[in-house]
Amino acid sequence: MNDNTYVVIMAGGIGSRFWPFSRVNHPKQFHDVLGIGESMIQTTVKRFEGICPPENIFVVTHRDYANLVREHLPDLSDNQILQEPIGRNTAACIAYACFKIAKRNPTANIVIAPADHVILREESFKKCIKEALAATANSEILVTLGIKPTRPHTGYGYIQFIDDESKALKKVKTFTEKPSLEIAQMFLDSGEFVWNAGIFIWNAQAIVKAFHQYLGDMAETFDEGIPVLDTDQEEQFINRAYSHCRNISIDYGIMEKADNVFVILGDFGWSDLGSWDSLYSLSEKTPEGNVIDGNVLAYDVKNCIIKTPPDQLVVVQGLEDYIVAAHDNVFMVCRREDEQKVKDFVADAKAMKGQNFI
């Protein structure tokens, strides 16, 4: 364990692709999605035991979820929970955490990880993280983890890298965000691309410098707030700062532009669990290929995922390759191949049926 290492958990999203199970008032990171007895955010924090001291873990979340974070992670102090007033994507989230950490410790080495990922082989994951931290400790480079693709997934970002078999750290050539099925298949066939896991490692100086170079307006905003970070004026500053921040991801804002980006290839049973199909892929299946979580009677049903409340009997007949999901006041039936449309369903439900259904 290195006292100079910090871990930032991003836990502000609502997980709209996992609707209706993931809702605005209770997103998926606070659910026990896999039925293992702990929420996804609890699993994520436990994953970094031995990587950094507990007091060096920060969770960035929307202020509406601060109490949920406290409930799920009671050992965190309030100063370890960074509350965003509005969602501004991952660049602002990462800037907030990294500028705050850099003020505390200018030589900090930082891991950024989402709260809702699944890692099946945690020792292999820790090995990759330690390799990355060793590389970034004294070098101004930006490192991400890449996963060898198993299928032409159109919901993931892809990283093209320069393969040097003698080095674990490989130079990144290009990023491509959520390609078409045809292009994703080309990437898969080429062997030159990996999935972007959305897990980043860098030192404080490298990321602050990158913000100044590629997202200068955001860097200037957080520069102004450095004197009040870790004071009772921090909340007031953050409220003002976020109103000026662009809604942009760290991938678009920095990683795709920077020339000092490297990738470490990992094989640790990763999934971002961002959608119903990813949950289907990870879950144990019946002989008919179904994933069933609920009080269900299934007849002539194949290759479906059915997740419904235990106190409601659901009868399903004659479906193949479908999602059947019920939670709270929403019931959804959708073809598995069309799962990317779930975000559209959420938008339509909000526009036409009201906030109570999202």
Side-chain angles (χ1 to χ4, degrees), residues 2 4-8 10 47-48 51 90-91 94 98 108-114 117-179 183-211 213-214 249-272 274:
N2 191 325
N4 213 40
T5 299
Y6 293 74
V7 172
V8 176
M10 299 184 291
R47 188 174 298 141
F48 288 98
I51 297 291
T90 53
I94 289 169
C98 289
N109 219 4
I110 304 169
V111 181
I112 309 288
H117 285 190
V118 173
I119 306 290
L120 297 178
R121 293 184 286 279
E122 298 206 344
E123 288 307 311
S124 296
F125 172 75
K126 286 185 176 181
K127 181 182 176 184
C128 284
I129 292 293
K130 289 175 181 177
E131 284 180 352
L133 287 167
T136 59
N138 299 302
S139 299
E140 287 193 355
I141 57 175
L142 310 176
V143 177
T144 185
L145 301 188
I147 311 297
K148 185 177 180 181
T150 56
R151 61 194 189 281
H153 202 298
T154 58
Y156 293 159
Y158 286 72
I159 299 170
Q160 185 182 25
F161 61 94
I162 300 170
D163 197 6
D164 182 344
E165 294 184 1
S166 65
K167 297 179 181 178
L169 205 64
K170 302 180 189 298
K171 188 79 167 65
V172 169
K173 285 177 69 176
T174 62
F175 282 84
T176 303
E177 187 68 14
K178 297 179 181 177
I183 292 175
Q185 186 64 57
M186 288 171 55
F187 288 171
L188 193 68
D189 295 340
S190 75
E192 297 179 5
F193 291 79
V194 288
W195 286 335
N196 180 5
I199 299 167
F200 307 103
I201 305 93
W202 42 54
N203 66 53
Q205 296 307 308
I207 190 59
V208 169
K209 186 175 180 180
F211 269 101
Q213 188 169 355
Y214 302 108
S249 71
I250 197 74
D251 301 86
Y252 283 127
I254 291 179
M255 303 301 282
E256 292 185 8
K257 300 172 184 176
D259 58 6
N260 61 336
V261 180
F262 292 81
V263 63
I264 289 179
L265 309 189
D267 181 15
F268 38 76
W270 171 88
S271 171
D272 75 343

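Quick note: residue numbers are just sequence positions, from 1. Since we're looking at a predicted model, the values are computed, not measured.
- Within 6.0 Å of atom NZ in Lys167, 12 or fewer heavy atoms from other residues, nucleotides or ligands are found, so the atom counts as exposed in its surroundings.
- Residues Ile119 and Arg47 meet the side-chain proximity criterion, which asks for heavy atoms closer than 4.5 Å.
- Between Ile207 and Ile254 there is a side-chain heavy-atom pair separated by less than 4.5 Å.
- The pair Lys148-Asp267 does not count as a salt bridge, with every side-chain nitrogen at least 4.0 angstrom from each carboxylate oxygen.
- By the 4.5 Å heavy-atom criterion applied to side chains, Ile159 and Phe193 are not counted as neighbours.
- By the 4.5 Å heavy-atom criterion applied to side chains, Val263 and Leu145 are not counted as neighbours.
- Scanning for side-chain contact (heavy atoms from CB on, under 4.5 Å) contacts around Ile183 gives Pro179, Ser180, Phe187, with sequence neighbours left out.
- With a 6.0 Å cutoff to the six-membered ring centre and a 45° limit on the axis angle, Lys171 counts as a cation-pi contact of Phe262.
- Checked against the 6.0 Å centroid criterion, the rings of Tyr156 and Trp270 qualify as a close aromatic pair.
- Note: Phe268 and Phe125 have perpendicular aromatic rings, judged against thresholds of 30 and 60 degrees for the angle between ring planes.
- Closest of all the heavy-atom pairs between Tyr158 and Ala184 is OH-CB, 3.8 Å.
- Legend: residues meeting side-chain contact (heavy atoms from CB on, under 4.5 Å) with Lys209, ordered by chain and number and at least two apart, are Glu140.
- Between the side chains of Thr136 and Asn203, no donor N or O sits under 3.5 Å from an acceptor N or O.
- Counting heavy atoms from C-beta outward, Trp202 and Cys98 have side chains that approach closer than 4.5 Å.
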Subject >> Verdict with supporting geometry, Thr144 and Ile199, side-chain contact (heavy atoms from CB on, under 4.5 Å) >> reply: CA-CA 6 Å; Thr144 185; Ile199 299 167; 5.7 Å; no

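- A distance of 6.0 Å or more separates the ring centres of Phe161 and Phe175.
- In the model, Asn196 has a side-chain atom that pairs as donor or acceptor with a side-chain atom of Asp251 under 3.5 Å.
- Heavy atoms from other residues, nucleotides or ligands lying under 6.0 Å from CG of Asp189 number more than 12.
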